[in-house]
Amino acid sequence: MRVVRSVVLGCGSYLPEKALTNSDLAQMVDTSDEWIVQRTGISQRHIAAEGQTTSDLGYNAAKAALDDAGIDASSLDLIILATATPDNTFPATSVSIQHRLGMSHGAAFDVHAVCSGFVYAMTTADAYIKAGLAKRVLVIGAETFSRILDWEDRTTCVLFGDGAGAVVLEAQEGEGTVDDRGILTCKLRSDGCHQKKLYVDGGPSSTQTVGHLRMEGREVFKHAVGMISDVVDDAFSETGLTADDLTWFVPHQANKRIIDSSAKKLGIDPQKVVCTVQKHGNTSAASVPLALTEARRDGRIKTGDLVMLEAMGGGFTWGSVLLRW
Ligand code: ACO
């Protein structure tokens with residue numbers, strides 16, 4: 001029986017020009033390069049220029065992904081943007097990107113699952129493709145977290161950065177085995193009882209302001225490794241694959257200690273872990289496609305590789321996507 005899979009045609013990313021180093025931050029708040037590197041693995045992050053918006057970053061990543069895929073936006077039928085930092089409360093930021101890509105056909109919408117946003121958007125795209133509702137989908141993760149940080153709060157402002165990444169998915173038929181290219185399985189979870197551990201203290205309906213990110217860092221850390229391991233193990237159980245079968249593990253880039261502990265718990269060889277958090281900080285929904293694109297561009301990820309994506313973030317939300325590149 002022929003089975004439809006969502007196959008990656010190409011990927012791309014974009015980072016704002018300005019890099020903010022740990023030493024720069026030490027001039028702004030009471031922190032040090034040593035503290036930040038030791039606790040998080042982060043050395044620098046990129047910050048959007050004044051007036052540069054999430055749609056600007058997302059558009060540039062989208063263009064790069066379309067170029068990599070060798071296709072034109074006219075052949076897309078859906079754009080899904082994962083972001084928690086939209087240009088405006090509405091319309092959806094994806095619609096701005098759709099317009100800038102010269103598209104007036106198809107549909108575009110945003111998904112909001114904070115740091116798990118890209119995994120949620122990939123899962124949604126895969127569902128559209130499998131249901132026969134779309135053939136080519138552009139999935140973007142783009143964020144300007146610098147706009148929702150309290151730059152006087154050293155416990156949060158050192159952790160995050162701005163950026164965007166994108167992937168083009170296409171419906172292709174195969175035998176439906178784990179050796180076929182495309183998304184093999186997606187696992188999503190959320191649990192709203194953890195809302196107050198990581199949230200933004202503003203919004204249109206509550207305060208009529210944008211608000212600032214607030215986090216109980218230790219609490220997030222405490223739950224992260226277990227939640228990540230659960231959804232990765234679920235993906236392995238469903239497919240019959242194991243950590244040894246993976247070619248690459250591309251985790252959400254929040255914190256090197258969370259990444260290392262998750263890989264260790266899952267029995268994944270450290271050589272297989274793609275880590276970019278040192279250069280980008282935590283870019284929320286952009287972090288997985290930024291890491292994917294880096295590993296693809298430098299030749300690590302090749303056609304046929306088995307790649308596990310995972311993320312965990314505000315909500316809490318968490319999820320995994322297992323795919324054959
Ligand atoms: N520089 C220097 N000192 C600091 C800083 C800083 N930037 N931030 C906090 N400290 C101090 C604290 O004030 C505290 O001082 P005290 O002992 O005098 O009270 C001390 O360092 C220890 O603080 P803790 O919060 O206990 O430090 P911890 O070891 O837990 O590390 C961290 C903090 C890095 C935030 C850690 O809890 C963590 O990584 N949590 C996960 C957070 C995360 O990754 N969130 C994002 C994931 S979800 C998503 O992506 C949206």
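No experiment lies behind these values; they were computed from the predicted model shown. In each ligand, atom 1 is the first atom listed, and ligand 1 is the first ligand listed.
Atom 41 (C) of ligand 1 lies below 4.0 Å from at least one non-hydrogen atom of the protein. Within the 4.0 Å cut-off (strictly below), a protein heavy atom is located near atom 4 (C) of ligand 1. Put simply, atom 13 (O) of ligand 1 has protein non-hydrogen atoms near it, under 4.0 Å away. For atom 19 (O) of ligand 1, the nearest protein heavy atom lies 4.0 Å or farther away.
In this structure, the side chains of Arg257 and Phe221 come closer than 4.5 Å at one or more pairs of heavy atoms.
Contacts with ligand 1 closer than 4.0 Å are made by no heavy atom of Val29, backbone or side chain. Contacts with ligand 1 closer than 4.0 Å are made by side-chain heavy atoms of Asn282 only, the backbone lying farther away. Of all the heavy atoms of Asn255, the ones lying under 4.0 Å from any atom of ligand 1 belong exclusively to the side chain.
Ranking protein heavy atoms by distance to atom 25 (O) of ligand 1, first place goes to Arg218 CG, 4.4 Å. Considering only non-hydrogen protein atoms, atom 8 (N) of ligand 1 sits nearest to Trp35 CH2, 3.3 Å. Shortest contact from atom 48 (S) of ligand 1 to any protein heavy atom: Leu198 CD2, 3.4 Å.
Linking ILVMFWY side-chain heavy atoms closer than 4.5 Å, directly or via other members, places Val7 and Leu323 in two distinct hydrophobic clusters. Connection of Val250 to Leu241 is not established within any shared hydrophobic cluster, with ILVMFWY side chains joined at heavy-atom distances below 4.5 Å, either directly or through further cluster members.
Donor-acceptor pairing under 3.5 Å is recorded for the side chains of Thr21 and Asp24. In summary, the side chains of Trp248 and Asp305 do present a donor paired with an acceptor at a separation below 3.5 Å, with no hydrogens or angles considered. Side-chain atoms of Thr144 and Thr54 include a donor-acceptor pair closer than 3.5 Å.
For the pair Arg100 and Tyr59, the distance from NZ or CZ to the six-membered ring centre is under 6.0 Å and the angle to the ring normal is within 45 degrees. Relative to the ring axis of Tyr128, Lys130 does not place its NZ or CZ within 45° and under 6.0 Å from the centre.
Taking CE of Met28 as the start and SG of Cys157 as the end, the distance is 6.0 Å to the nearest 0.5 Å.
Checking Met215, Met312, Arg39 against atom 29 (O) of ligand 1, the nearest heavy atom belongs to Arg39. Evaluated by nearest non-hydrogen atom to atom 50 (O) of ligand 1, the leading choice among Ala311, Cys115, Ala26, Gly313 is Cys115. Checking Leu213, Val114, Thr31 against atom 1 (N) of ligand 1, the nearest heavy atom belongs to Thr31.
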- Are Glu143 and Thr85 close enough, and set up right, to give a side-chain hydrogen bond (donor to acceptor under 3.5 Å, both in side chains), and what steps lead you there? CA-CA 6 Å; Glu143 302 276 19; Thr85 45; 2.6 Å; yes
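Set against the non-hydrogen atoms of His252, the atoms of ligand 1 under 4.0 Å away are 49 (C), 50 (O). Proximity to Val158 (heavy-atom distance under 4.0 Å) selects the following atoms of ligand 1: 7 (N). The contact set between ligand 1 and Thr155, taken as ligand atoms under 4.0 Å from a residue heavy atom, comprises 8 (N), 9 (C). Distances below 4.0 Å separate heavy atoms of Val220 from the following atoms of ligand 1: 45 (N), 47 (C), 48 (S).
Between Phe316 and His194, the ring planes are parallel. Angles under 30° get that label, and only those over 60° would be called perpendicular.
Between Arg154 and ligand 1, a contact under 3.5 Å exists for at least one N or O pair. An N or O contact shorter than 3.5 Å links Gly217 to ligand 1 by distance.
Look at Lys135 and Glu170 and you find no salt bridge, because none of the NZ, NE, NH1 or NH2 atoms lies under 4.0 Å from a carboxylate O.
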